[in-house]
Trainee: 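Dumping the structure here so I can ask a few things about it.
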Amino acid sequence: MRHFISIKDLSKEEVKHLVERALKFKQNPEEYKGKLKDKTIISIFFENSTRTRTSFEIAAKRMGASFINIDHNQSSIKKGETDYDTIINLSAMQPDAFIVRHYHSGYPYFLSRFTNIPIINAGDGTAAHPSQAILDATTMLEAKGKLEDLKVCIIGDIVNSRVAKSHIWMSKLLNWKLSFYGPKTMLPDRRWLDGIKIEKSLEDALSGKDFIMLLRIQLERESGSNIPSLKEYAKFFGINSSNIPDSYLMHPGPVNRNVELSSEILDSFNKSLITKQVENGVFARMSIYEFCLI
Ligand code: CP
């Protein structure tokens, strides 16, 4: 048994293994069928999700596991039970894994001190979203045929992005040339920026990259207050028909249409990998189950 909390905890070999297994699962369902027979997985999301929660559930069911989704609004948390006590009580029922998303950075590490049941991090605050990083790398390997020495630029609300933080760790393991671009108010502080180039203009950011990864302006984390307006952000940092890059385009979703990406590009750009990322999310999560549970 092992937890899956941050890319920071993994070796280069482990990351490559997770990504290669995800592609194997995609190519051949016989590789995953029945692998989680008799396993019970509990998901508990303290923050909203469409892609992550659903793909963890589909992956578990396709592998033969039972999957229980705790709706925290219907649980005894509403009667005042703490998040911690909720997990401890659910642990007593001996599930085989917990999928946890929490709005507090570091919460999965905190929980992992109190339970031997694998904690799989489905995103914590602004700290880490390791399963997204694995599915992104799977999509990159599928598109480009390699994982190492990639040129990647991440554009947008980087300070609030757990996806960007996970890719900082990926870039170190896989020797990516990683750069960031966005409003200065949305760049993280210096401790995150070792070895990362800050692009000087959108034109520079979009040129010569294998992958451009756009991030959502996280209105629920009040990142809207870091920019004058969404309209202005779209004008200076958005991708539209006037500045289409000659690179693959990625976005973890959900997308704010016509903010970081124009509707026209979102719906029809032939080098967009955004739907492919969602598709590969199921296989990446299968790979994470195999890594933690088997
Ligand atoms: N990318 C991602 O985490 O999407 P959800 O919030 O819909 O899970």
Side-chain angles (χ1 to χ4, degrees), residues 1-10 14-15 18 41-57 59-60 69-73 75 77 81-91 95 97-137 154 156-173 186 188-189 191-192 213 215-223 251-254 277 281 284-285 287-289 291-293:
M1 106 69 203
R2 49 185 148 186
H3 302 298
F4 182 82
I5 295 180
S6 171
I7 299 295
K8 175 174 72 169
D9 303 330
L10 302 175
E14 286 170 327
V15 164
L18 282 159
I41 295 166
I42 293 182
S43 84
I44 181 157
F45 279 52
F46 297 92
E47 220 187 50
N48 293 353
S49 168
T50 295
R51 282 147 286 268
T52 311
R53 206 205 63 71
T54 311
S55 60
F56 268 117
E57 180 164 353
N69 181 44
I70 307 287
D71 176 355
H72 78 280
N73 284 314
S75 75
I77 292 168
E81 189 165 39
T82 64
D83 300 354
Y84 163 81
D85 285 327
T86 300
I87 298 279
I88 295 305
N89 278 277
L90 292 169
S91 293
F98 284 116
I99 317 297
V100 181
R101 172 171 284 188
H102 205 279
Y103 46 84
H104 277 145
S105 299
Y107 204 74
Y109 277 125
F110 168 75
L111 290 178
S112 69
R113 290 167 47 200
F114 305 104
T115 178
N116 285 330
I117 293 164
I119 301 282
I120 297 178
N121 183 7
D124 61 315
T126 61
H129 196 348
S131 68
Q132 179 73 41
I134 296 296
L135 81 85
D136 287 344
I154 303 182
D157 184 4
I158 292 155
V159 68
N160 280 308
S161 174
R162 51 195 176 212
V163 177
K165 310 291 173 32
S166 291
H167 282 308
I168 291 174
W169 298 112
M170 289 293 263
S171 72
K172 294 181 195 309
L173 291 175
M186 290 182 165
D189 65 40
R191 81 197 146 101
W192 286 105
M213 196 177 293
L215 299 175
R216 183 171 63 94
I217 302 299
Q218 300 195 28
L219 298 169
E220 76 279 21
R221 294 192 214 284
E222 297 182 2
S223 57
H251 191 306
Q277 286 171 271
R285 278 139 190 156
S287 177
I288 293 163
Y289 285 140
F291 185 73
C292 295
L293 274 71

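Scope of the values below: all heavy atoms of this structure, side chains included, with no hydrogens, waters or symmetry mates. Counting begins at 1 with the first residue of the sequence.
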Trainee: Should S105 and D124 be marked as a side-chain hydrogen bond (donor to acceptor under 3.5 Å, both in side chains) after you check the CA-CA gap, both sets of side-chain angles, and the distance that decides it?
Mentor: CA-CA 5 Å; S105 299; D124 61 315; 5.2 Å; no
Trainee: Taking the side chain as every heavy atom from C-beta outward, state whether F114 and I87 have any atom pair closer than 4.5 Å.
Mentor: no
Trainee: Side chains of I288 and L293: closer than 4.5 Å at any heavy-atom pair?
Mentor: no
Trainee: Please check if atom CG in D9 has more than 12 non-hydrogen atoms from other residues, nucleotides or ligands closer than 6.0 Å.
Mentor: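 Yes.
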Trainee: Answer yes or no: is there an ion pair linking E14 with K8, defined by an N-O contact shorter than 4.0 Å?
Mentor: no
Trainee: Do K165 side-chain atoms and H129 backbone N/O form a donor-acceptor pair below 3.5 Å?
Mentor: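 No; judged by distance alone, with no hydrogens or angles, the pair does not exist.
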Trainee: For residues I154 and M213, determine if any side-chain heavy atom of one lies less than 4.5 Å from a side-chain heavy atom of the other.
Mentor: yes
Trainee: What heavy-atom pair brings R53 and S49 nearest, and what distance separates the two atoms?
Mentor: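 Smallest heavy-atom distance, with atoms named: N-OG, 3.0 Å.
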Trainee: Do I99 and I41 come within less than 4.5 Å of each other through their side chains, counting heavy atoms only?
Mentor: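 Yes, side chains in contact.
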Trainee: Using the six-membered ring of F45, assess whether NZ or CZ of R101 lies under 6.0 Å from its centre and within 45 degrees of the ring axis.
Mentor: no
Trainee: Would you sort out whether E57 and R51 count as a salt bridge (Lys or Arg N to Asp or Glu O under 4.0 Å), showing the intermediate values?
Mentor: CA-CA 10 Å; E57 180 164 353; R51 282 147 286 268; over 6 Å; no
Trainee: Starting from the C-alpha separation in whole Å, work towards a yes-or-no answer on side-chain contact (heavy atoms from CB on, under 4.5 Å) for F98 and L90.
Mentor: CA-CA 9 Å; F98 284 116; L90 292 169; 3.7 Å; yes
Trainee: Is it the case that the side chains of H167 and D136 hold a donor-acceptor pair, with the cut-off being a distance below 3.5 Å and no angle test?
Mentor: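 A donor-acceptor contact under 3.5 Å links the two side chains.
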Trainee: What pair of heavy atoms forms the shortest contact from I70 to S75, and how long is it?
Mentor: CG2-CB, 4.1 Å
Trainee: Assess the side chains of D85 and T82: does a donor N or O sit below 3.5 Å from an acceptor N or O?
Mentor: yes
Trainee: Answer yes or no for R2 and F291: cation-pi contact, defined as NZ/CZ to six-membered ring centre under 6.0 Å and angle to ring axis within 45°.
Mentor: yes
Trainee: Test F4 against C292 for side-chain contact (heavy atoms from CB on, under 4.5 Å), laying out the working first.
Mentor: CA-CA 7 Å; F4 182 82; C292 295; 3.6 Å; yes
Trainee: Can you classify the ring geometry of Y84 versus F110 as parallel (below 30°), tilted (30 to 60°) or perpendicular (above 60°)?
Mentor: tilted
Trainee: Return the minimal non-hydrogen interatomic distance between P130 and I5, and the atom names on each side.
Mentor: CG-O, 3.4 Å
Trainee: Carefully, step by step, assess V15 and M170 under the rule side-chain contact (heavy atoms from CB on, under 4.5 Å).
Mentor: CA-CA 8 Å; V15 164; M170 289 293 263; 3.8 Å; yes
Trainee: Using the test side chain to side chain donor-acceptor pair (under 3.5 Å), find all partners of Y107 that sit at least two apart in sequence or belong to another chain.
Mentor: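 Side chain to side chain donor-acceptor pair (under 3.5 Å) list for Y107, sorted by chain: empty.
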Trainee: Between H3 and P108, is any pair of side-chain heavy atoms under 4.5 Å apart?
Mentor: no
Trainee: Could you go through Q132 and V163, starting from their C-alpha distance and side-chain angles, then the distance that decides it, and tell me whether this counts as side-chain contact (heavy atoms from CB on, under 4.5 Å)?
Mentor: CA-CA 7 Å; Q132 179 73 41; V163 177; 3.9 Å; yes
Trainee: Please check if the number of heavy atoms outside D71 that lie under 6.0 Å from its CG is greater than 12.
Mentor: yes
Trainee: Is any side-chain heavy atom of I7 closer than 4.5 Å to a side-chain heavy atom of I134?
Mentor: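 Yes, side chains in contact.
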Trainee: Using the six-membered ring wherever Trp is involved, compare the ring planes of H102 and F46 and label them parallel, tilted or perpendicular (cut-offs 30° and 60°).
Mentor: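 The arrangement is tilted - the two ring planes meet at 30° to 60°.
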Trainee: Using every non-hydrogen atom in the two residues, find where S161 and Q218 come nearest and quote the distance to one decimal.
Mentor: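 Looking at all heavy atoms of both residues, the shortest contact is CA-NE2, 3.7 Å.
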Trainee: Can you tell me how far apart OG (S43) and CG (N69) are? Round to the nearest 0.5 Å.
Mentor: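 Result: 3.5 Å between the selected atoms.
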Trainee: Please tell me if the side chains of D83 and Y103 come closer than 4.5 Å, counting only heavy atoms from C-beta onward.
Mentor: yes
Trainee: Can you find a side-chain donor-acceptor pair between T126 and N160 that sits under 3.5 Å?
Mentor: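 There is no such pair (donor and acceptor under 3.5 Å, judged by atom type) between the side chains of T126 and N160.
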Trainee: Compare every heavy atom of S131 with every heavy atom of N121, then report the nearest pair and how far apart it is.
Mentor: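 Smallest heavy-atom distance, with atoms named: O-OG, 4.3 Å.
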Trainee: So, for N116 and M1, which heavy atoms are closest and what is the spacing to 0.1 Å?
Mentor: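 Residues N116 and M1, closest heavy atoms: O-SD, 3.0 Å.
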Trainee: Can you name the side chain to side chain donor-acceptor pair (under 3.5 Å) partners of T115, sequence neighbours left out?
Mentor: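 Testing T115 for side chain to side chain donor-acceptor pair (under 3.5 Å), a comparison that skips the adjacent residues, returns S91.
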Trainee: To the nearest 0.5 Å, tell me how far L111 CG sits from I117 CD1.
Mentor: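 Interatomic distance, L111 CG to I117 CD1, rounded to 0.5 Å: 11.5 Å.
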Trainee: Supply the atom-to-atom distance L10 CG to L173 CG, rounded to the nearest 0.5 angstrom.
Mentor: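 Reported to 0.5 Å precision, the distance equals 7.5 Å.
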